[in-house]
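Source: prediction; values computed, not measured. In what follows, chains carry the letters A, B, and so on, assigned in the order in which the sequence lines appear, proteins first and then strands, with residues in each chain numbered from 1.
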Amino acid sequence: EAQVTQNPRYLITVTGKKLTVTCSQNMNHEYMSWYRQDPGLGLRQIYYSMNVEVTDKGDVPEGYKVSRKEKRNFPLILESPSPNQTSLYFCASSSATSGTRSYNEQFFGPGTRLTVL
Amino acid sequence: QKEVEQDPGPLSVPEGAIVSLNCTYSNSAFQYFMWYRQYSRKGPELLMYTYSSGNKEDGRFTAQVDKSSKYISLFIRDSQPSDSATYLCAMRGSYIPTFGRGTSLIVHP
C-alpha cells in the first residue's frame, strides 16, 4: 500500500530535550516536506526537500532541522524543543513537479501530535 | 494580509444542501489550485485540483477558479454527513504550496 508513515504519532516531552520525528514514504517520491498545523493558522511549511541531499527552508523553519540522506526518509529534528513548538506535524511527499501544466498530488502522513512542556 | 484567506467556519448545513466553500488570494503567480479534505485525526487528502482558471467537476464536487477576481470555490452537491470534515484550499506558483486555514464543514442528518 502506497503510504507516508510518521513516528511517533503522539509525543509529550519537556523543554530542551532533543527529539526526532521520522517520516518515510514507499512511493519513490522525490519531493518531501514537513508542515505544522495550528488552530487558526492552518498548515505552514517548515522545510522541504526536492531530492536526496537537497533541502530548503519553508515558511517557519526556526527551531527545526531536517536531513535527506535517503530518498524514502525525511526526519524532522528539534534540537531544543520549546513550548511554542507544541503542534500537529505532517510529513508529505509527491513526485517531482515538472512542466507548466503538470501537478503531482501531495500525500500526507497521519500526523504527529507533539506537546512540549 | 495573508496570501490566502479562508473563512474557518464552522459551516453547518442539513443533509442534501449545496455547500459553497471559498478562498481568496493575493499572489498573481499562483497557477495550481487545490482542495484538500481533512477528517478529524487524519492527514489532508487531495480532493480536486485545477490548473489556471475554469471549472472542474468530479461527481458531487465542482471546483471553480476565477483568476481575474483571485477567488476559488468548491461546491458540494447533495451534501452527506460523511462530507463533514475540514476543507483546505491550497495554491502554488512554483514548488511551495500555500494553504488556507481550512473551513470546518458539518453536515447534519
Side-chain angles (χ1 to χ4, degrees), chain A residues 2-7 9-10 21 23 25 27 29-51 54-61 87-113, chain B residues 1-10 21-27 29-54 56 58 63 65 67 72 85-105:
Chain A
Q3 59 182 352
V4 178
T5 57
Q6 295 178 227
N7 282 292
R9 294 289 314 279
Y10 302 91
V21 183
C23 172
Q25 50 92 6
M27 295 168 279
H29 285 164
E30 293 82 9
Y31 181 90
M32 298 185 74
S33 60
W34 276 103
Y35 296 87
R36 58 179 291 175
Q37 187 174 39
D38 302 288
L41 296 176
L43 274 170
R44 294 179 293 168
Q45 192 172 54
I46 303 170
Y47 268 95
Y48 66 97
S49 170
M50 297 301 296
N51 215 322
V54 181
T55 63
D56 210 343
K57 297 177 180 178
D59 295 322
V60 288
S87 187
L88 179 59
Y89 291 87
F90 289 102
C91 180
S93 75
S94 67
S95 56
T97 56
S98 60
T100 58
R101 285 183 167 269
S102 65
Y103 174 79
N104 293 295
E105 177 180 355
Q106 273 202 76
F107 292 84
F108 283 82
T112 294
R113 186 165 292 281
Chain B
Q1 180 192 9
K2 285 175 66 68
E3 270 195 309
V4 178
E5 298 279 3
Q6 183 177 13
D7 188 333
L21 303 166
N22 312 293
C23 288
T24 59
Y25 64 95
S26 57
N27 190 339
F30 290 146
Q31 296 188 77
Y32 294 92
F33 304 91
M34 292 78 74
W35 286 96
Y36 284 81
R37 178 173 60 195
Q38 185 177 18
Y39 290 114
S40 181
R41 301 184 189 281
K42 301 280 189 182
E45 296 174 294
L46 182 67
L47 196 58
M48 296 186 73
Y49 82 90
T50 320
Y51 174 77
S52 195
S53 284
K56 189 171 187 177
D58 184 2
V65 174
K67 290 190 75 178
I72 71 170
T86 296
Y87 290 80
L88 301 101
C89 65
M91 46 200 79
R92 66 177 180 87
S94 55
Y95 295 116
I96 303 178
T98 300
F99 285 83
R101 292 186 296 171
T103 299
S104 175
L105 172 66

More than 12 heavy atoms of other residues, nucleotides or ligands under 6.0 Å from NZ of B:K42: yes or no?
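Counting other residues, nucleotides and ligands, NZ of B:K42 stays at 12 neighbours or fewer.
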Over all heavy atoms of both residues, which pair between A:F90 and B:Q38 is shortest? Give the atoms and the distance, please.
CZ-NE2, 3.3 Å
For B:P97 versus A:Y35, what's the shortest heavy-atom pair and its separation?
CG-OH, 3.2 Å
Side chain, backbone, both or neither: which part of B:P44 has a non-hydrogen atom closer than 4.5 Å to chain A?
both
Under a 4.5 Å heavy-atom cut-off, does chain A meet the side chain of B:E45, its backbone, both or neither?
neither
Please state whether the side chain, the backbone, both or neither of [X] comes within less than 4.5 Å of a heavy atom of chain B.
{"X": "A:Q6", "answer": "neither"}
{"X": "A:R113", "answer": "neither"}
{"X": "A:L43", "answer": "both"}

Sequence neighbours left out, what passes salt bridge (charged side-chain N to carboxylate O under 4.0 Å, His left out) with B:R101? Give chain and number order.
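With sequence neighbours excluded, B:R101 shows a salt bridge (charged side-chain N to carboxylate O under 4.0 Å, His left out) to no residue whatsoever.
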Options A:G58, A:G40, A:P39, ranked by heavy-atom pairs under 4.5 Å with chain B, top entry:
A:G40
Spacing of CD belonging to A:Q37 relative to CZ belonging to B:F99, to within rounding of 0.5 Å:
9.5 Å
